[in-house]
2 protein chains.
Amino acid sequence: MSNNLNFVAKLRNSGLRPTKQRIKICEILFGSKETFHFSINDLSKIIAQKNSEKISLATIYNTVHAFLGKGYLKQIAVNSEQSYYDTNTTDHHHFYDIDKDKLIDIHDSEVEPVKINRKIPGKRIKSIEVLVKLQNT
Amino acid sequence: MSNNLNFVAKLRNSGLRPTKQRIKICEILFGSKETFHFSINDLSKIIAQKNSEKISLATIYNTVHAFLGKGYLKQIAVNSEQSYYDTNTTDHHHFYDIDKDKLIDIHDSEVEPVKINRKIPGKRIKSIEVLVKLQNT
DNA sequence: AAGTAGATTATAACTATTCTAAAGTAATAA
DNA sequence: TTATTACTTTAGAATAGTTATAATCTACTT
């Protein structure tokens with residue numbers, strides 16, 4: 001309940017109207033302290049389970065895009081058919097379990113910082129993402 | 001010409017029949033010493049330019065998948081709508097120029113080796129990919 | 001040269017995502 | 001409040017990338 005008020009404020013502060021759909025999606029994505037990795041499909045299923053009223057697929061896409069734009073989510077580069085998103089927007093890297101089609105955080109303490117000793121004229125680095133693909137042994 | 005014979009042998013050695021479509025695609029992908037980054041769309045366009053007879057889109061997909069399976073290509077994780085492939089199958093990383101939608105190799109000498117200090121039980125590392133996203137300054 | 005397994009092709013089908021335009025809802029002003 | 005306005009949601013259509021299908025064709029074996 002008090003959480004909801006936080007989400008309302010969060011949305012309003014960033015210029016997004018706190019609609020019930022957005023609040024519900026906030027609860028799912030940001031309601032727990034844990035990082036959440038998901039595809040639109042994953043999120044749809046969870047909403048279907050947890051919410052009495054359905055939220056249309058278009059709204060789910062709209063909301064995820066809005067949250068991306070506001071920096072509440074970041075997109076992860078994986079070559080799956082689907083796009084993946086992460087509630088942890090800090091700089092960190094991922095394991096991708098190919099067999100389970102699941103992402104796992106790699107904390108910064110678990111990786112030596114990646115150093116790129118090259119500059120491309122006219123360009124600046126926006127992000128550095130490491131993806132470690134895992135296979136069953 | 002002598003190159004073509006090499007491609008015929010390469011294909012035959014890996015159990016792929018050396019059809020004229022596959023040989024043509026080999027010429028385009030492996031005919032130069034340079035690394036080649038491409039999407040299916042890129043490859044289609046190049047074939048259309050360089051080849052008198054058209055190659056069907058299905059064959060282009062089939063061939064790229066076959067070459068992936070034989071280890072002649074590797075897929076690169078980028079979050080674009082399209083899949084990207086690389087003729088350089090050695091371990092190396094990439095810049096991704098967001099504005100131009102183009103990939104640039106990062107040679108191993110240009111990056112400190114990425115060290116992951118964590119193991120996931122029952123899993124082994126298949127690959128480590130670093131993607132450095134670039135923006136115009 | 002004939003038979004067969006594998007390849008190519010056009011096209012249909014499928015999946016993820018984006019677009020559209022109508023109906024609904026939150027914010028604002030009176 | 002209420003009315004107005006701008007933003008949202010929605011179902012469904014449209015699009016783009018990719019995969020499946022089934023008929024035709026071709027490379028290899030005998």
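Letters A, B, ... are given to chains in the order of the sequence lines, protein chains preceding strands, and every chain is numbered from 1. Just so it is clear, the values below take in all heavy atoms, side chains as well, and ignore hydrogens, waters and symmetry mates.
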What pairs of donor and acceptor atoms, side-chain ones from residues 17-24 of chain B against any protein atom, are under 3.5 angstrom apart with sequence neighbours left out?
unit_1	atom_1	unit_2	atom_2	d
B:Thr19	OG1	B:Arg22	N	3.2
B:Arg22	NH1	B:Arg17	O	3.0
B:Lys24	NZ	B:Glu27	OE1	3.4

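One atom, CG of B:Asp42, and another, P of D:dA16, lie 16 Å apart when rounded to the nearest Å. Between the CD atom of B:Glu53 and the C1' atom of C:dT9 there is a distance of 13 Å, rounded to whole Å. Between the CG atom of A:Leu16 and the P atom of C:dA27 there is a distance of 11 Å, rounded to whole Å. One interatomic measurement links the two molecules: CD1 of A:Ile25 to P of D:dT10, which rounds to 9 Å at whole-angstrom precision. For the pair B:Ile55 CD1 and D:dC25 P, the interatomic distance rounds to 18 Å; values are reported in whole Å. To the nearest angstrom, P of D:dT18 lies 11 Å from CZ of B:Phe38. For the pair A:Leu11 CG and C:dA26 P, the interatomic distance rounds to 13 Å; values are reported in whole Å. With rounding to whole Å, A:Lys54 atom NZ is found 8 Å from D:dT10 atom P.
Distances shown here put every side-chain N or O of A:Lys20 at or beyond 4.0 Å from the OP1 or OP2 atom of D:dT9. Remark: A:Thr59 is not in phosphate contact with D:dT8, judged by side-chain N or O atoms under 4.0 Å from OP1 or OP2. Contact annotation: B:Ser39 does not reach the phosphate of D:dG17 (side-chain N/O to OP1 or OP2, under 4.0 Å). Phosphate proximity of C:dT8 to B:Arg22: present, with a side-chain N or O under 4.0 Å from OP1 or OP2. Within the 4.0 Å cut-off from OP1 or OP2 of D:dT10, at least one side-chain nitrogen or oxygen of A:Gln21 is found.
A:Ser44 meets the side chain to side chain contact (heavy atoms under 4.5 Å, CB included) test with A:Ile40, A:Leu57, A:Ile60; sequence neighbours excluded. By the ring-ring contact (aromatic ring centres under 6.0 Å, His included) test, B:Tyr85 is found to be paired with B:Phe38, residues two or more places apart in sequence or in another chain being considered. The side chain to side chain contact (heavy atoms under 4.5 Å, CB included) search around A:Lys54 returns none, not counting sequence neighbours. Residues that satisfy the side chain to side chain donor-acceptor pair (under 3.5 Å) test with A:Ser83, not counting sequence neighbours, are A:Gln75. Contacts of B:Phe30 classified as ring-ring contact (aromatic ring centres under 6.0 Å, His included), with partners at least two apart in sequence or in another chain: B:Phe67.
Screening residues 57-66 of chain A for side-chain hydrogen bond (donor to acceptor under 3.5 Å, both in side chains) gives A:Ser56-A:Thr59 as the qualifying pairs, with residues at least two apart or on separate chains. Identified under the salt bridge (charged side-chain N to carboxylate O under 4.0 Å, His left out) test for residues 73-94 of chain B, with sequence neighbours left out: none. Among pairs with a residue in residues 113-137 of chain B, those fulfilling salt bridge (charged side-chain N to carboxylate O under 4.0 Å, His left out) read A:Asp97-B:Lys123, A:Glu110-B:Arg118, A:Glu129-B:Lys133, A:Lys133-B:Glu129, at least two apart in sequence or across chains.
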Extract from the structure each pairing of a protein N or O with an N or O of nucleotides 28-30 of chain D at less than 3.5 Å, listing the distance.
unit_1	atom_1	unit_2	atom_2	d
D:dC28	OP1	B:Arg12	NE	3.3
D:dC28	OP1	B:Arg12	NH2	2.8
D:dC28	OP2	B:Arg12	NH2	3.4

What does the list of N/O pairs under 3.5 Å between the protein and nucleotides 12-18 of chain C look like, with a distance for each?
unit_1	atom_1	unit_2	atom_2	d
C:dT17	OP1	A:Ser83	N	2.9
C:dT17	OP1	A:Ser83	OG	2.9
C:dT17	OP2	A:Tyr61	OH	2.8
C:dT17	O5'	A:Tyr61	OH	3.3
C:dT18	OP2	A:His65	NE2	3.2

Which pairs, protein N/O on one side and nucleotides 21-23 of chain C N/O on the other, fall under 3.5 Å?
none

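Taking the ring axis of B:Tyr96 as reference, the NZ or CZ atom of B:Lys102 does not stay both within 45° of it and closer than 6.0 Å to the ring centre.
Between A:Ile28 and A:Phe36 the shortest side-chain heavy-atom distance falls below 4.5 Å.
Checking side-chain atoms of A:Ser39 against main-chain N and O of A:Tyr84 turns up no donor-acceptor pair under 3.5 Å.
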